[in-house]
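Notes to accompany the following structure.
Excluded from the calculations below are hydrogen atoms, water molecules and symmetry mates; all remaining heavy atoms, backbone and side chain alike, are included.
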Amino acid sequence: MITLDRLVNVLGGYGVRLRWSSLPRSTELRSVVIHEPAAERPLVGDVLLAIGAGSPQEAVRWAASAHAVVVLTRDGAEPTAADGQTAVLVLDGSMSWSEVAAVVYGLVLEGRETESGRGPTDMFALADSLAESTGGAVTIEDRQLRVLAYSRLQQHADPARAETILGRQAPERLRALFEARGVFAHLGASDDPLFVAPEPEHGLTGRMVVAVRSGQELLGSLWVACTAPLDGAERAALADGAQTVALHLLRSRASADLERQIESELVIQLLEGTIDAATLATRLGLPRGPLRVVALQASVGGERDAALLLAFERATTGFGWSRPGRSALAGNTVYTLLPGEGAAAARRWVGDLTAALPDAVDVAAGISGPAEATDLIAARREADECLALHALSSGGGAPPAYDEAWDDILLQRLRTAARAGRLPDRGPVAELRRHDRANSTDYVATLRAWLEAQGDPVRAGERLGVHENTVRYRLRKMAEITTLSLDDPKKRLAMTIELAATDT
């Protein structure tokens with residue numbers, strides 16, 4: 001099952017547009033048919049692919065005979081409300097029917113409803129079914145022990161299960177316990193179910209766990225709460241359930257790749273600028289209001305590709321309740337659009353993503369100021385500059401946000417411009433630098449401190465750790481070396497800018 005809203009959103013990335021509709025966007029779609037004039041009996045389905053229709057009006061008539069509520073056709077005259085309770089979607093002339101048909105069948109028949117996340121809604125139904133057949137509460141988790149689905153049945157449920165579901169992944173103390181008991185080693189090497197004995201100190205009443213595997217690849221794990229090892233029919237149901245979960249995860253992976261591609265394309269369009277920015281933001285499921293752009297890079301040592309792809313996968317994984325942003329991978333940077341006015345939420349998002357990556361991965365990130373969907377071009381530049389600033393500190397500290405670190409960004413711009421061009425080799429600052437190098441004096445530092453103290457020798461002396469009279473003496477000696485003109489506001493400003501631009 002998929003909703004009309006989701007179908008419209010996804011197909012929009014393939015050049016399909018909603019021409020007209022009298023249906024609510026929440027309309028559920030469960031089947032697809034193709035119009036066949038020579039069919040012996042009428043075909044019935046929720047979505048009709050009107051291949052060969054001469055006009056939208058003819059396509060709507062075909063839809064009525066097929067009891068379809070959605071019809072896809074080629075562009076043409078706009079249908080009217082008299083055409084009935086039907087949504088009409090039109091294909092761009094450059095799009096092939098085969099490509100669009102493959103996407104529609106994949107979305108509708110695979111039973112996806114992934115408006116904001118990954119993973120099929122029927123994964124929860126599968127967890128419920130497995131809970132009934134095994135007699136215990138079930139959780140389905142990926143390789144990183146992140147919760148993909150869980151059952152409503154609470155038999156043998158314990159505090160450890162509740163904490164895992166609320167945190168959307170197994171807490172560190174449980175991971176350490178499972179590691180110590182050899183659970184992970186077993187999952188990596190065997191397809192046999194394993195019993196994990198109770199551990200009251202960790203709120204664990206006991207578990208049966210089995211690997212979810214496709215060939216030799218470990219996809220995740222299936223957990224059942226129980227106080228004693230399962231046997232007989234319950235154990236067989238657990239082993240069979242692992243195979244079924246593997247099929248679901250493989251189909252979910254294929255769906256996720258399609259979703260990521262479409263999401264990335266829409267995000268990049270917003271970042272590069274488009275006249276229908278508000279519409280694209282809506283199609284991405286982003287709420288109205290200010291957005292922040294997060295630019296993020298990841299690496300392990302000097303190698304970027306693997307770490308960057310892992311960061312992108314993590315940024316685009318999760319159900320709607322755990323993934324507020326929409327992301328794209330462009331070059332060597334992951335860009336994410338996050339809703340919200342404040343920078344704190346964006347920093348938490350970066351922190352959560354970093355925590356989900358291996359310890360060896362180094363992350364640098366920058367956060368733009370708040371911007372409307374129509375202003376994301378400038379916001380992307382702000383995020384890039386903040387990222388560059390954070391990278392200079394080797395990713396240490398909190399990621400800078402442009403509206404909080406604009407002064408550091410401006411100074412960094414000056415330094416970048418100075419490195420790109422010819423630094424001044426004449427003038428008071430350059431002459432004082434040469435004198436410092438030749439005579440081991442501190443005249444440049446003294447000039448900087450005096451300017452920062454706005455001409456107050458007492459405060460300048462405090463900055464330098466010397467007496468105010470020492471500052472005055474140095475200024476007199478500096479005036480003998482070069483023309484300072486400290487009483488000229490323009491020259492003071494120029495010297496301040498040059499010092500900032502050449503400050504490393």
Side-chain angles (χ1 to χ4, degrees), residues 292 341-344 346-347 364 366-371 378-379 381-504:
R292 285 184 183 261
E341 182 77 30
R347 289 196 178 98
I367 304 167
S368 75
R381 289 196 295 267
E382 294 175 358
D384 284 336
E385 289 187 301
C386 289
L387 168 62
L389 189 66
H390 198 218
L392 287 175
S393 63
S394 300
Y402 187 84
D403 48 329
E404 299 172 355
W406 63 267
D407 52 336
D408 292 327
I409 295 295
L410 177 60
L411 294 176
Q412 184 58 32
R413 287 178 186 172
L414 293 172
R415 297 184 192 109
T416 301
R419 286 194 296 269
R422 184 173 65 87
L423 291 176
D425 57 5
R426 297 171 64 88
V429 175
E431 292 170 4
L432 291 176
R433 287 188 192 280
R434 283 193 292 271
H435 189 277
D436 283 349
R437 287 194 297 268
N439 300 279
S440 300
T441 52
D442 293 316
Y443 290 163
V444 172
T446 302
L447 176 61
R448 179 185 294 108
W450 187 87
L451 290 170
E452 290 175 351
Q454 298 182 359
D456 185 341
V458 176
R459 290 169 51 202
E462 292 173 352
R463 290 172 178 268
L464 296 168
V466 299
H467 193 272
E468 59 184 279
N469 287 337
T470 301
V471 174
R472 294 188 177 95
Y473 172 77
R474 290 180 180 176
L475 289 173
R476 289 195 299 270
K477 299 298 292 183
M478 290 155 60
E480 297 174 1
I481 298 169
T482 185
T483 303
L484 285 178
S485 303
L486 295 178
D487 57 342
D488 187 331
K490 290 178 61 178
K491 288 185 170 55
R492 291 200 304 269
L493 176 60
M495 288 187 286
T496 301
I497 292 174
E498 183 176 350
L499 287 169
T502 55
D503 185 14
T504 56

Can you find a pair of side-chain heavy atoms, one from R437 and one from R434, that are under 4.5 Å apart? yes
Any side-chain heavy atom of P428 within less than 4.5 Å of one from L484? yes
Would a 4.5 Å heavy-atom cut-off, applied to side chains only, mark L464 and R474 as touching? yes
Salt-bridge present (E404, R347; N to O < 4.0 Å): yes
Which heavy atom of Y402 sits nearest a heavy atom of C386, and at what distance? N-SG, 3.4 Å
Return the CD1 to CG distance between I497 and L410, rounded to the nearest 0.5 Å. 8.5 Å
Residue pairs meeting salt bridge (charged side-chain N to carboxylate O under 4.0 Å, His left out), one or both in residues 444-459, sequence neighbours left out, come to E452-R463
R292 side chain to E341 main-chain N or O, any donor-acceptor pair under 3.5 Å? yes
Taken to the nearest 0.5 Å, the spacing of H390 NE2 from D408 CG works out to 12.0 Å
Summary of salt bridge (charged side-chain N to carboxylate O under 4.0 Å, His left out) pairs that have at least one residue in residues 485-496, sequence neighbours excluded: D488-K491
Minimum heavy-atom distance between P400 and A405, given as atom pair plus value: CB-CB, 4.0 Å
Going by heavy atoms in the side chains, are L486 and L447 under 4.5 Å from each other? yes
Salt bridge or not for E385 and R381, using N-O below 4.0 Å? no
